[in-house]
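Have a look at the structure below, then the notes.
Just so you know, these numbers come straight off a predicted model, no measurement behind them. Start at 1 with the first residue, then count along the sequence.
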Amino acid sequence: MMASQQWLDVVSNNLANVNTVGFKRDGIVFHDWMERSLNSNGGAGERVGTLGAGPTATKMYTAWTVGTLSTTDNPLDVAIITDEGLFAVQLPARPGESEPQVVYTRDGAFQYGEGGMLVTRSQPPLNSQYPVLDQNLQPIYLDPTRPATIDEKGNVGPLIDGNGANAQIGLFRGDFTKLGSNLYEGREVEPFEAGRVQQRALEGSNVNTVETMIQMITVSRAFELAQKAITTQDENNGRLLEVLRGT
């Protein structure tokens with residue numbers, strides 16, 4: 001039942017984010033919690049196999065396949081079209097720290113911020129817009145009075161003071177862990193030069209709705225069967241105790 005509950009939590013979260021831009025579905029890996037060796041002759045003979053003691057979750061993982069792309073009319077919408085690669089955004093410093101946080105996302109729904117800064121749309125937990133960073137982890141300032149252009153490598157312009165010069169929206173790869181709010185914490189992160197993007201497009205979630213709903217039904221039934229097995233065992237134990245009391 002505990003294993004089914006863990007699996008159901010993962011599946012439910014995937015289904016809840018089926019319409020979240022750039023969301024990557026999670027999966028969970030199970031192994032037998034313990035295997036008992038079975039031997040013939042009451043355990044004194046040769047080994048005939050093993051008996052599992054039930055599943056236990058060993059790890060969670062994120063599937064990085066590209067989600068469905070949808071075109072938009074916003075020139076600042078950018079979709080990553082490679083499996084690898086995340087945008088870098090800047091959050092305020094954590095309490096007690098002076099340096100701002102750098103976190104990562106696949107959500108490329110960008111907007112103009114104060115002074116022409118390229119920012120994300122308003123997001124929790126602070127319901128504020130976060131600066132989008134270039135390959136050197138610096139904010140990007142565009143000229144909002146001129147049409148923005150973004151090529152497949154992420155070169156974006158014109159800059160607000162660059163007379164047509166471009167900056168490059170940073171794409172990074174590494175070991176990423178979900179923080180919530182469609183953001184990731186990164187370790188061993190490095191620029192991903194082979195990453196490619198598409199302007200006027202957004203990447204949808206890579207969750208397959210039908211497949212995920214089938215998983216939810218399957219897991220729910222597995223939970224119910226485990227619950228019934230426990231109830232049946234408890235009833236059998238009760239009847240056994242009654243028989244023993246009678247003798």
Regarding [X] and [Y], do their side chains bring together a donor and an acceptor under 3.5 Å, going by distance alone?
X: T72; Y: D77; answer: yes
X: Q198; Y: E152; answer: no
X: T145; Y: D143; answer: yes

Side-chain heavy-atom pair [X], [Y] within 4.5 angstrom cut-off:
X: I169; Y: V132; result: yes
X: M1; Y: I230; result: yes
X: Q138; Y: L133; result: no
X: V156; Y: I140; result: yes
X: N17; Y: V207; result: no
X: Q199; Y: D151; result: no

Main-chain N/O of [Y] paired with [X] side-chain donor or acceptor, under 3.5 Å:
X: S205; Y: T20; answer: no
X: N182; Y: R106; answer: no
X: Q90; Y: P131; answer: no
X: E188; Y: D175; answer: no
X: D134; Y: Q168; answer: no

Determine the minimum heavy-atom distance between [X] and [Y], stating which atoms define it.
X: R94; Y: E185; result: NH2-OE2, 3.7 Å
X: P144; Y: G116; result: CD-CA, 4.3 Å
X: Y112; Y: R146; result: OH-O, 4.0 Å
X: P158; Y: A148; result: CD-CA, 4.5 Å
X: V89; Y: T105; result: CG1-CG2, 4.1 Å
X: M117; Y: Y141; result: CE-OH, 2.9 Å

For the [atom1] atom of [X] and the [atom2] atom of [Y], what is their distance to the nearest 0.5 Å?
X: T82; Y: R173; atom1: OG1; atom2: CZ; value: 10.0 Å
X: L171; Y: E193; atom1: CG; atom2: CD; value: 9.0 Å
X: Q227; Y: T232; atom1: CD; atom2: OG1; value: 10.5 Å

Answer yes if [X] and [Y] sit in the same cluster of Ile, Leu, Val, Met, Phe, Trp and Tyr residues linked by side chain heavy atoms under 4.5 Å apart, and no otherwise.
X: V189; Y: L137; value: yes
X: L69; Y: V197; value: no
X: F110; Y: I80; value: yes
X: L86; Y: V66; value: no
X: V18; Y: V11; value: no

*Check step by step if side-chain contact (heavy atoms from CB on, under 4.5 Å) holds for V29 and Y61.*
CA-CA 8 Å; V29 177; Y61 66 91; 3.9 Å; yes
*asked:* Would you say that more than 12 heavy atoms from the other residues, nucleotides or ligands in this model lie under 6.0 Å from the CE of M2, or not?
replied: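 No - once you tally the heavy atoms of other residues, nucleotides and ligands closer than 6.0 Å, there are 12 at most.
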_CD/E114: more than 12 non-hydrogen atoms of other groups inside 6.0 Å_ =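 No, because the 6.0 Å sphere around CD of E114 holds 12 heavy atoms or fewer from other groups.
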*Partner of L183 under side chain to side chain contact (heavy atoms under 4.5 Å, CB included), chosen from Y104, F176, Y130*: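 Between L183 and the candidates, side chain to side chain contact (heavy atoms under 4.5 Å, CB included) is satisfied uniquely by Y130.
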*asked:* As a test of understanding, state which of I150, L202, L118 forms a side chain to side chain contact (heavy atoms under 4.5 Å, CB included) with V78.
replied: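 Result for side chain to side chain contact (heavy atoms under 4.5 Å, CB included) with V78: I150.
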*Carefully, step by step, assess N206 and T65 under the rule side chain to side chain donor-acceptor pair (under 3.5 Å).*
CA-CA 7 Å; N206 66 354; T65 53; 3.2 Å; yes
Under 3.5 Å, sequence neighbours excluded: what are the donor-acceptor pairs made by side chains of residues 210-219?
residue: T212; atom: OG1; partner: N208; partner atom: O; Å: 2.7
residue: T218; atom: OG1; partner: I214; partner atom: O; Å: 2.9

*Please say which of N237, T231, N236 ends up in a side-chain hydrogen bond (donor to acceptor under 3.5 Å, both in side chains) with Q233.*
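The single option meeting the side-chain hydrogen bond (donor to acceptor under 3.5 Å, both in side chains) with Q233 is N237.
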*Can you tell me which residue pairs pass the salt bridge (charged side-chain N to carboxylate O under 4.0 Å, His left out) test with a partner in residues 4-27, sequence neighbours excluded?*
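For residues 4-27, and leaving out neighbouring residues, the salt bridge (charged side-chain N to carboxylate O under 4.0 Å, His left out) pairs sorted by first residue read K24-E203, D26-K178.
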*asked:* Quick check: F172 with F87 (ring centres under 6.0 Å apart)?
replied: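 Between F172 and F87, which both carry aromatic rings, the centre distance is not below 6.0 Å.
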*Y184 vs W64 aromatic rings, parallel, tilted or perpendicular, using cut-offs 30° and 60°?*
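Because their plane-to-plane angle lies in the 30° to 60° range, the rings of Y184 and W64 count as tilted.
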